[in-house]
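Notes follow once the structure below has been shown.
To find a chain, count down the sequence lines: A is the first, B the second, and so on, and within it residues start at 1. Reckoned from all heavy atoms, side chains included, excluding hydrogens, waters and symmetry mates.
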Amino acid sequence: MKTKSFSKTYGKRRVLELPELELPEGQITAVIGPNGSGKSTFAKVLAGIEQPDEKKPILSGVSVGYLPQKSFPFRMTTEKNILTNGTDHTRAAELMKILSIDALAKQSAKKLSGGETARMALCRILMSRYDLLILDEPTTAMDMESTLAAEQLIRETSHETDCAALLITHSISQARRIADRVLVLQRGELVEQGATEAVLSAPSKEETRRFLDFYGL
Amino acid sequence: MSTSIQKAIELILSADPELLNILSTTAKVCLTSSILALIIGVPLGILFGAERFPGRRVLLVLNRTLIGMPPVVCGLLFYMLFSGVGPFRHLKLLFTVKLMIIAQVVLITPIIIGVMETFVADTAPALRETTRGLGFGRMKEYRLLVNECLYSIFSAYLLSFARAIAEVGAVAMVGGAIAWKTNVMTTAIMMYTNRGSFTLGIALGLILLTLSLLVNVVLSLMQGRLSR
Ligand SMILES: Nc1ncnc2c1ncn2[C@@H]1O[C@H](COP(=O)(O)OP(=O)(O)O)[C@@H](O)[C@H]1O
Ligand SMILES: [Mg+2]
């Protein structure tokens with residue numbers, strides 16, 4: 001699927017300006033870039049949470065699922081939180097097991113730790129199928145074991161449901177592990193795009209090379 | 001002092017008919033007004049907290065002004081509207097329990113609106129980002145928002161009930177503190193103390209304090225339970 005070009009300004013500051021982009025179905029596109037480069041803003045505009053300066057949606061006719069960087073646990077148990085987005089109990093149990101929160105099913109979601117809340121939120125969004133699935137740093141609060149389980153889950157979901165997945169991450173190694181394509185943002189601009197290996201091993205711009213070196217690859 | 005407290009306790013235990021009448025009038029006025037205020041105030045408070053519309057800020061300033069209004073001013077207003085020279089005199093509501101309830105609703109609804117607005121304005125943006133991200137509709141979004149509000153609704157209710165039961169100004173002005181008719185606990189304390197009879201006043205004071213203690217114990221017990 002294709003997104004229209006757009007820009008986003010907060011007050012007088014233009015924080016994002018992007019050209020038309022292609023987000024292929026059944027593939028994971030990673031968005032990488034340092035803090036403040038506009039990754040979350042990109043996600044919010046795509047999800048329709050924030051309006052672009054053009055005041056028109058930049059996607060049309062597709063269902064969008066969006067997992068915010070900071071997820072909100074509803075005041076109910078972990079399991080019921082997940083079941084707000086679907087009625088398939090078997091699927092919910094399976095997702096909780098994969099992300100090892102099955103033991104917390106009956107616990108109040110408000111009492112979960114940061115990493116546990118992130119795992120609950122990922123289970124919750126994966127209960128429905130969306131044409132475009134946007135995940136804003138879904139594993140940042142998770143430990144390594146959960147991160148790897150979550151990555152595999154995201155991979156499987158994108159293959160099985162043939163959705164376009166947009167994975168926002170500041171981890172280059174994560175992009176390496178699961179992304180088919182990457183977009184690199186710097187100060188609100190797209191500086192690189194292409195197949196993961198091609199971009200990460202031979203960036204076309206000096207600036208990207210410095211960013212990649214800095215983040216230790 | 002200690003003998004008058006003893007006498008007051010004896011009066012409570014003897015189930016004095018006038019004391020019981022005052023208690024039942026108080027219960028009727030304060031329970032009715034606080035429940036009406038809840039029914040009006042909760043939806044308005046949630047709306048003010050969750051939505052942005054022109055005039056919202058002006059209404060909130062007005063609401064805060066009403067929260068700070070001295071009960072006796074509210075009483076004065078209703079007195080003027082319903083007394084022999086007021087526009088609503090033909091309704092014959094002055095010095096009735098009904099008008100006491102109406103005055104209290106005006107006095108305490110703003111408290112409920114204020115408590116709900118503060119909580120919802122804090123909670124709604126994060127909740128909404130999540131519900132819209134999941135693709136939920138407006139109805140479901142509001143259901144989940146109300147579900148977050150349970151403890152606020154509860155504490156707003158108790159706060160408004162406490163204000164209703166403790167205030168004198170409004171109920172004294174519009175009710176007239178008529179024995180066996182519109183006398184409530186606070187007005188009775190004033191009336192009996194003025195007559196130099198302390199026993200009933202102390203008995204009522206003790207009951208009021210105990211009630212306030214109870215309300216606060218229940219509040220702190222429910223805080224943990226309802227915010228989970
Ligand atoms: N609501 C907002 N109002 C003003 N500035 C904002 C707002 N949201 C984000 N910004 C600014 O936009 C820039 C990009 O933010 P963000 O997209 O969150 O970056 P990232 O997710 O890449 O760390 C930052 O400089 C941030 O301060
Ligand atoms: Mg971000």
Applying side-chain contact (heavy atoms from CB on, under 4.5 Å), can you list everything that pairs with A/Ser171, at least two apart in sequence or on another chain?
A/Thr169, A/Ser173, A/Gln174
When the 4.5 angstrom heavy-atom criterion is applied to B/Leu144 and chain A, the contacting part is side chain
Taking atom CE as the centre, does A/Met144 end up with more than 12 heavy-atom neighbours from other residues, nucleotides or ligands that are less than 6.0 angstrom away?
yes
Give the interface residues of residues 80-108 of chain A toward chain B, defined by a heavy-atom separation under 4.5 Å.
A/Thr84, A/Asn85, A/Ser108
Suppose a student defines contact as a heavy atom less than 4.5 Å from any heavy atom of chain B. Which residues in residues 48-68 of chain A would they list?
A/Ile49, A/Val64, A/Gly65, A/Tyr66, A/Pro68
Without swapping roles, check the side chain of B/Asn147 against the backbone of A/Arg75 for a donor-acceptor pair under 3.5 Å.
yes
Heavy-atom count check: over 12 atoms from other residues, nucleotides or ligands less than 6.0 Å from B/Tyr79 OH?
no
Stepwise side chain to side chain contact (heavy atoms under 4.5 Å, CB included) test for B/Glu129 and A/Phe72:
CA-CA 8 Å; B/Glu129 193 182 11; A/Phe72 189 95; over 6 Å; no
Heavy atom to heavy atom, less than 4.5 Å: which residues from residues 112-140 of chain A reach chain B?
A/Arg124, A/Ile125, A/Tyr130
Neighbour count >12 (heavy atoms, 6.0 Å) for atom CZ, B/Arg57:
no
Quick check on A/Lys110: does its NZ atom have over 12 non-hydrogen neighbours (other residues, nucleotides or ligands) under 6.0 Å away?
yes
Hey, is CD on B/Glu51 packed in by over 12 heavy atoms from elsewhere, all under 6.0 Å?
yes
Decide if atom CD of A/Gln152 counts as having more than 12 heavy atoms of other residues, nucleotides or ligands within a radius under 6.0 Å.
no
Main-chain N/O of A/Ser71 paired with B/Thr130 side-chain donor or acceptor, under 3.5 Å:
no
